[in-house]
There are 2 protein chains.
Amino acid sequence: MKDRAHSKIRLLLVDDHPVVREGIKFSLAKKRNIDIVGEASDGKQAIRKAKKLSPDVILLDINMPRVSGLEAARRLRSASPKSKILAFTMHDSKEYVLRISRLGAKGYVFKDDSPADVVRAIEAVHKGGVYFSPRASKHILKEYVRATMNTEDSTILGLSQQEYEVLRCIASGLSSKEIAAQLKVSARTVDTHREHIMEKLDIRTVAGLTRYAIREGLVTLE
Amino acid sequence: MKDRAHSKIRLLLVDDHPVVREGIKFSLAKKRNIDIVGEASDGKQAIRKAKKLSPDVILLDINMPRVSGLEAARRLRSASPKSKILAFTMHDSKEYVLRISRLGAKGYVFKDDSPADVVRAIEAVHKGGVYFSPRASKHILKEYVRATMNTEDSTILGLSQQEYEVLRCIASGLSSKEIAAQLKVSARTVDTHREHIMEKLDIRTVAGLTRYAIREGLVTLE
DNA sequence: CGCGGCATCCGTAAAAGTACGGATGCCCCA
DNA sequence: TGGGGCATCCGTACTTTTACGGATGCCGCG
């Protein structure tokens, strides 16, 4: 076994489910080069602990109650700039992968990836690399080729900020009228956004949009 | 340590997330009286293994892709009648708790309960008892008092089988017309069910119904 | 500067959903 | 056997959503 004495990876574990934390701890128990220095069960706690501990790597569950994972990631970056953020989630979500990697996450692994992959990811990001689970990297690559050679094609999308807002509202069960009031634009404008969203996502029902928004973490289930 | 030699609890672990299975294994590693004799990552596999192993207890994740947890529970009962089913899930869902306990589950624990509670639950159901996490038992009790002294009040509900079907379809993004075709009833009937559902649940938007259905596990996110 | 993307606005029409009001037959159970 | 709950059906009216067609002004980028 090669392990350079003082290079233990200091890991902060953020997940609202104890059993998941246990799973990670178990997978990491035999890895002598990884040291779980803290745990948090929600975003606020995570930020506090990150500030105090400034861990090497933060394994961050994306689907948590209250503070959304994206929000947490944003704040964690400033709370502990040197920590590498490794996103950890249940669902394969294109938008999520893209957004969180734009927010500076160094990797993305799924809860149904093998524990060994999670370990690999932790080691990779700690060494300054990146690690995206195949399903996640697929999205990154697609986005990348699109961004580089952006002639024609174009059939790809990305919702605007306002469209995300509207989508969030739709999935929360608001009507166009209510959304208009909330966002302080005309109801007709909301309708237009609605149509654009459906076009871009190619989803034509509220139920579908709602499920999409939940997958994306735009709204919580509770 | 008291442990009567031959009374190890033979446990079958059913969860689609490796990390969760690891978590359970870790929590159970020190418990010498529990023996994980098998694992499954989906309903079909679970049924196969249950048949072969006929474990004492089946720890069953409810929110799994493909075969719904309820469906799996139903089939597990006949696949391995002697196994005690312990439901294991993320979300606090009244309807789910009630339905799965009606299906014969002997307990209900959440993924954010402490691992120690999960262990307690396993031991309890194995001894022929029941174990419902406080949040789950709350629903059971409420239902119980309602069932016993059923004078007045009545404001409580329970969707009919058909209504559940309609709800599932709605949340899947089907229109009333499509649902009618699928369930082979008139579109107008579907509308009526729709209204009854909304009344009973006091949810008046498709988005709300969709979120409810996802919480209940009637539809999956994918 | 021009061009493309975005946010904002508008009209119209058809489709779908929501909200009332009713009805019938079935089956279980007191 | 009678009442209650359920599934099924119906009409009518209103609201909302979906889909199509447009428009303007702003801003960044080559």
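Naming: A, B, ... by sequence-line order, numbering from 1 per chain.
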Does any part of the side chain of B:Pro55, heavy atoms only, come nearer than 4.5 Å to the side chain of B:Lys49, both counted from C-beta? no

How long is the line joining CG of A:Leu209 and P of D:dT16, in whole Å? 18 Å

Heavy-atom side-chain contact between A:Leu209 and A:Leu201 under 4.5 Å: yes

Within less than 4.0 Å of OP1 or OP2 of D:dT8, is there a side-chain N or O belonging to B:Gln162? yes

Any B:Val57 side-chain heavy atom under 4.5 Å of B:Leu11 side chain: yes

From C:dA7, D:dA19, D:dC9, pick the nucleotide closest to the side chain of B:Ser186? D:dC9

Residue list, ring pair (Phe, Tyr, Trp, His ring centres under 6.0 Å) with B:Tyr131, at least two apart or on another chain: none

What integer distance in Å separates A:Arg204:CZ from D:dC20:C1'? 12 Å

Using a strict cut-off of less than 4.0 Å between a Lys/Arg side-chain nitrogen and an Asp/Glu carboxylate oxygen, indicate whether B:Asp112 and B:Arg135 qualify as a salt bridge. yes

d(CD1, B:Ile179; C1', C:dA16) in whole Å: 11 Å

Taking only the side-chain nitrogens and oxygens of B:Lys177, find out if one of them lies under 4.0 Å from OP1 or OP2 of C:dA16. yes

Near DNA chain D, under 4.0 Å by heavy atom, which residues of residues 165-175 of chain A? A:Ser175

With heavy-atom distances below 4.5 Å as the criterion, would you say the side chains of A:Asp42 and A:Asp16 are in contact? no

d(CD, B:Glu199; P, C:dT18) in whole Å: 13 Å

Residue from A:Arg204, A:Glu199, A:Met198 passing side chain to side chain contact (heavy atoms under 4.5 Å, CB included) with A:Asp202: A:Arg204

Any chance you could lay out the salt bridge (charged side-chain N to carboxylate O under 4.0 Å, His left out) test for B:Asp15 and B:Lys111, step after step, and finish with the verdict? CA-CA 11 Å; B:Asp15 197 301; B:Lys111 290 192 183 175; 3.0 Å; yes

A:Lys184 atom NZ is separated from C:dA7 atom C1', nearest whole Å, by 17 Å

Tightest non-hydrogen contact, residues B:Ile58 and B:Ala50, listed as CD1-CB, 4.1 Å

What is the distance, rounded to the nearest whole Å, between atom OH of B:Tyr164 and atom C1' of D:dC6? 15 Å

Give the residues of residues 189-198 of chain A touching DNA chain C, defined as any heavy atom closer than 4.0 Å, sorted by residue number. A:Thr189, A:Thr192, A:His193

Using a cut-off of less than 4.0 Å, is there contact between a side-chain N or O of A:Ser160 and OP1 or OP2 of C:dG5? no

